[in-house]
Number of protein chains: 2
Amino acid sequence: MVLTRETSAGYMANWAARLFSRELERQLAPTGIAPAYMPVLFALADGGTLTQKELTRRAAVEQPTMAATLKRMERDGMIHRRQDPGDKRSALVALTPLALGKVETVERVVTAINALALEQLDVGERRQFLSLLGRVIAVLEAQDADLGS
Amino acid sequence: MVLTRETSAGYMANWAARLFSRELERQLAPTGIAPAYMPVLFALADGGTLTQKELTRRAAVEQPTMAATLKRMERDGMIHRRQDPGDKRSALVALTPLALGKVETVERVVTAINALALEQLDVGERRQFLSLLGRVIAVLEAQDADLGS
DNA sequence: ACCATTTACATAGCTTGCTATCTAAATACA
DNA sequence: TGTATTTAGATAGCAAGCTATGTAAATGGT
């Protein structure tokens with residue numbers, strides 16, 4: 001029998017991710033915050049600064065992906081960079097006041113979408129869902145790390 | 001408190017989807033089958049033909065996404081199209097013998113990756129995971145359909 | 001029969017992800 | 001000290017997703 005999408009965890013994960021991202025994009029459109037900006041926004045929401053390397057690690061994306069995201073965020077006036085005084089290769093990234101002013105709104109939108117997505121699940125199922133997703137991610141991350149070595 | 005990735009279903013879904021897709025790409029590289037080809041490959045694995053519209057529906061992507069995927073598959077010698085005799089706007093898509101010869105291998109790879117991803121879950125948890133994912137998708141699909149009207 | 005609408009697909013242009021590769025600065029060590 | 005390696009980031013080029021829009025064929029209504 002040929003695989004059906006309903007029984008393929010990979011296909012379902014991709015599908016769910018696209019639906020989340022579409023909804024996020026729709027609801028965040030008026031703020032000028034794109035889905036990929038969110039890990040950066042939340043990591044710097046306290047007003048602090050981080051290097052690109054650290055942002056890359058926290059967003060769990062590859063370095064060139066983060067470089068491109070920061071370039072778009074800079075273009076959109078959401079971040080600025082200043083020289084790292086201790087390392088000339090590196091810059092310290094911070095949110096602009098414009099971006100800082102959007103953090104609360106974005107947080108409300110994200111929370112609402114997560115709530116919508118899980119609205120058919122009871123409290124136990126919601127915890128279970130996040131926990132199972134986390135365990136699946138852990139296995140795949142380990143595999144990824146193995147092959148990257 | 002600012003959102004953390006571990007408690008955001010959307011972030012976790014995106015993360016899991018990227019890990020699945022990286023692993024798939026790695027393991028399918030020698031076959032010349034890209035992840036996006038798979039819904040088409042499986043839909044046509046019986047040797048039959050389908051229109052682009054029907055393939056779009058089954059893959060749950062937008063029409064221009066499927067148009068681009070079919071273009072790459074054609075470039076790679078995986079599909080061919082012939083005029084739909086009953087509708088001059090439309091073509092009937094079929095797999096080439098080259099692609100048909102890869103179906104079994106691809107199916108084995110996909111099955112293995114799904115098994116790997118779920119290896120830390122017991123049988124009940126695996127069923128639960130797919131079921132919860134399905135319910136989340138259903139809610140988001142409904143929302144998407146609402147807004148599209 | 002004719003025009004308006006709908007439908008199937010194509011194209012343009014963008015985001016977000018990836019790998020591969022380059023440059024320049026920092027670090028290690030002989 | 002001087003070279004070799006490692007590290008931080010940039011860039012090129014591609015895949016795969018999206019929205020908006022265009023074109024041509026099919027359909028529907030008067």
Side-chain angles (χ1 to χ4, degrees), chain A residues 10-11 13-26 28-29 32-40 50-57 59-76 78 81-93 144 147-148, chain B residues 10-11 13-26 28-29 32-40 50-57 59-76 78 81-93 144 147-148:
Chain A
Y11 183 77
N14 172 277
W15 192 2
R18 285 187 290 116
L19 288 167
F20 269 109
S21 154
R22 273 191 235 177
E23 189 57 30
L24 207 54
E25 210 160 339
R26 240 200 293 270
L28 288 182
I33 300 287
Y37 297 2
M38 291 195 351
V40 176
L50 291 173
T51 60
Q52 184 187 113
K53 182 178 171 54
E54 178 59 17
L55 290 168
T56 298
R57 195 188 64 74
V61 296
E62 297 300 319
Q63 174 264 321
T65 299
M66 182 52 70
T69 298
L70 291 177
K71 194 179 266 182
R72 290 194 304 275
M73 289 187 80
E74 200 163 35
R75 176 201 64 192
D76 296 348
M78 299 296 176
R81 319 188 205 206
R82 61 181 172 76
Q83 276 272 328
D84 183 334
D87 190 333
K88 282 182 198 166
R89 294 167 305 177
S90 166
L92 296 173
V93 179
D144 198 50
L147 297 181
Chain B
Y11 182 76
N14 173 276
W15 193 1
R18 286 187 289 113
L19 288 168
F20 268 110
S21 155
R22 274 191 235 175
E23 189 57 29
L24 207 54
E25 211 159 338
R26 242 201 289 271
L28 287 182
I33 301 286
Y37 297 1
M38 291 194 352
V40 176
L50 291 172
T51 61
Q52 183 185 114
K53 183 179 171 53
E54 178 60 16
L55 290 168
T56 297
R57 196 189 63 74
V61 296
E62 297 300 321
Q63 173 264 320
T65 299
M66 182 52 69
T69 298
L70 291 177
K71 195 179 267 181
R72 289 193 304 275
M73 290 187 79
E74 201 163 35
R75 177 202 63 192
D76 295 348
M78 300 295 175
R81 318 188 206 206
R82 62 182 172 75
Q83 277 272 327
D84 183 334
D87 190 335
K88 282 182 200 167
R89 294 167 305 177
S90 167
L92 297 172
V93 179
D144 198 51
L147 297 180

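Here is how names work: the chains are called A, B, and so on, in the same order as the sequence lines, proteins then strands, and each is numbered from 1.
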Item to check | Value in whole Å for how far the P atom of D/dA15 lies from CE of B/Met38 | outcome: 17 Å
Next on the checklist: Applying side-chain hydrogen bond (donor to acceptor under 3.5 Å, both in side chains), can you list everything that pairs with B/Asp84, at least two apart in sequence or on another chain?
Outcome noted: none
Item to check | Within residues 61-71 of chain B or reaching into it, pairs that qualify as salt bridge (Lys or Arg N to Asp or Glu O under 4.0 Å) - sequence neighbours excluded | outcome: A/Arg22-B/Glu62
Next on the checklist: Using the salt bridge (charged side-chain N to carboxylate O under 4.0 Å, His left out) criterion, which residues pair with B/Asp87? Sequence neighbours excluded.
Outcome noted: B/Arg89
Every protein N/O lying under 3.5 Å from an N/O of nucleotides 6-12 of chain D:
unit_1, atom_1, unit_2, atom_2, d
D/dT7, O2, A/Arg89, NH1, 2.5
D/dA8, OP2, A/Lys53, NZ, 3.3
D/dG9, OP1, A/Ser90, OG, 2.9
D/dG9, OP2, A/Lys53, N, 2.8
D/dA10, OP2, A/Gln52, NE2, 2.6
D/dA10, N7, A/Gln63, NE2, 2.6
D/dA10, N6, A/Gln63, OE1, 2.9
D/dT11, OP2, A/Lys71, NZ, 3.1

Checklist entry - A/Arg26 CZ to D/dT19 P: how many Å, rounded? => result 7 Å
Checklist outcome for this item: Rounded to whole Å, the CG-C1' distance (B/Leu24 to D/dA15) equals 13 Å
Checklist entry - Which heavy atom of A/Tyr11 sits nearest a heavy atom of B/Pro39, and at what distance? => result CE1-CG, 4.1 Å
Next on the checklist: Reading DNA chain C in the 5' to 3' direction, which nucleotide is the first one with an atom under 4.0 Å from a heavy atom of chain A, and which is the last?
Outcome noted: C/dT15 to C/dA26
Item to check | Distance in Å, B/Glu54 CD paired with B/Arg57 CZ, rounded so as to fall on 0.5 Å steps | outcome: 4.0 Å
Checklist entry - Considering residues at least two apart in sequence or located in another chain, which fulfil the side-chain hydrogen bond (donor to acceptor under 3.5 Å, both in side chains) criterion with A/Glu74? => result A/Arg81
Checklist entry - Where is the tightest heavy-atom contact between A/Val61 and A/Thr56, given as atom of each residue plus distance? => result O-CG2, 3.0 Å
Checklist outcome for this item: A/Ala68 meets the side-chain contact (heavy atoms from CB on, under 4.5 Å) criterion, sequence neighbours left out, with A/Arg72
Next on the checklist: OP1 or OP2 of D/dC18 versus the side-chain N and O atoms of A/Arg18: is any pair under 4.0 Å?
Outcome noted: yes
Item to check | Spacing between B/Leu28 atom CG and D/dA15 atom C1', to the nearest angstrom | outcome: 14 Å
Checklist entry - Which whole-number value in Å describes the distance from B/Tyr37 OH to D/dC14 P? => result 13 Å
Next on the checklist: Without decimals, in angstroms, what is the distance between B/Met73 CE and D/dA15 P?
Outcome noted: 13 Å
Checklist entry - A/Asp76 near the nucleic acid: base, sugar-phosphate alone, or nothing, with a heavy-atom cut-off under 4.0 Å? => result nothing
Item to check | Set of residues satisfying side-chain hydrogen bond (donor to acceptor under 3.5 Å, both in side chains) with respect to B/Arg18, sequence neighbours excluded | outcome: B/Asn14
Next on the checklist: Regarding A/Arg22, tell me which of base, sugar-phosphate or nothing describes its non-hydrogen contacts under 4.0 Å with the strands shown.
Outcome noted: sugar-phosphate
